[in-house]
Amino acid sequence: RDGATYVVDAECQMSGMRMTSRSVFSGDFQSGYAVRIESRMTMPGQAQPQTMVMTQQARWVADSCQNGLTPGDVQLPTGQKVNIRDIPAGR
């Protein structure tokens, strides 16, 4: 914990690939939160690491799901619905 935020640093090495990431979570975690994930991945034979930044904002909407959503559903900006429970493990 760093003040009002939570920070998670991670590092993984596998088959010559190295990935590091830093996730920073903030918010009151009751009505909403935000997370920013910065990651760097170096592949074997690659001189420069690939970097990626991902941000997510979540907020409490209601006690029950709206628009036909069920627990585990994620509605993408395109309107498509995906349930995280339907994603095979390891993907």
Practice task
In plain terms, say whether D73 and K81 are close enough for a salt bridge, that is, a side-chain N and a carboxylate O under 4.0 Å apart.
Solution key: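 Salt bridge between D73 and K81, a charged N being under 4.0 Å from a carboxylate O: no.
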Practice task
Report, as yes or no, whether the 6.0 Å neighbourhood of atom CD on Q30 holds more than 12 heavy atoms from other residues, nucleotides or ligands.
Solution key: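 No, CD of Q30 has 12 or fewer neighbouring heavy atoms, counting only those of other groups under 6.0 Å.
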Exercise for the section: Please check if the side chain of R1 supplies one atom and the backbone of G3 the other of a donor-acceptor pair under 3.5 Å. Expected result: yes
Exercise for the section: State whether the side chain of D2 and the backbone N or O of T5 hold a donor-acceptor pair below 3.5 Å, judged by distance alone. Expected result: no
Problem - Criterion side-chain contact (heavy atoms from CB on, under 4.5 Å) on F29 and W60, from CA distance to verdict - result: CA-CA 9 Å; F29 302 99; W60 179 259; over 6 Å; no
Handout entry: I37, V7, V35 screened by side chain to side chain contact (heavy atoms under 4.5 Å, CB included) with F25, the one that passes
Key =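 So, applying the side chain to side chain contact (heavy atoms under 4.5 Å, CB included) to F25 and each of I37, V7, V35, only V35 qualifies.
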Got a list of side-chain donor-acceptor pairs under 3.5 Å for residues 39-54, not counting sequence neighbours?
from, atom 1, to, atom 2, distance (Å)
Q46, OE1, M43, N, 3.0
Q46, NE2, Q48, O, 2.9

Exercise for the section: Taking side-chain contact (heavy atoms from CB on, under 4.5 Å) as the test, write out the residues that go with A58, two or more places apart. Expected result: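 By the side-chain contact (heavy atoms from CB on, under 4.5 Å) rule, A58 matches Y33.
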Exercise for the section: Quick one: pull up CD in E11 and CG in D9 and give me the separation to the nearest 0.5 Å. Expected result: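 So the gap between those two atoms works out to 10.0 Å.
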Exercise for the section: Evaluate the side-chain contact (heavy atoms from CB on, under 4.5 Å) criterion for residues T70 and N83: first the C-alpha distance (whole Å), next the side-chain angles of each, then the deciding distance (0.1 Å), finally the verdict. Expected result: CA-CA 8 Å; T70 61; N83 193 294; 3.7 Å; yes
Handout entry: Trace of the side-chain contact (heavy atoms from CB on, under 4.5 Å) decision for D86 with I84
Key = CA-CA 5 Å; D86 296 334; I84 59 173; over 6 Å; no
Practice task
Evaluate the side-chain proximity of R22 to V24: yes if any heavy-atom separation is below 4.5 Å, no if none is.
Solution key: yes
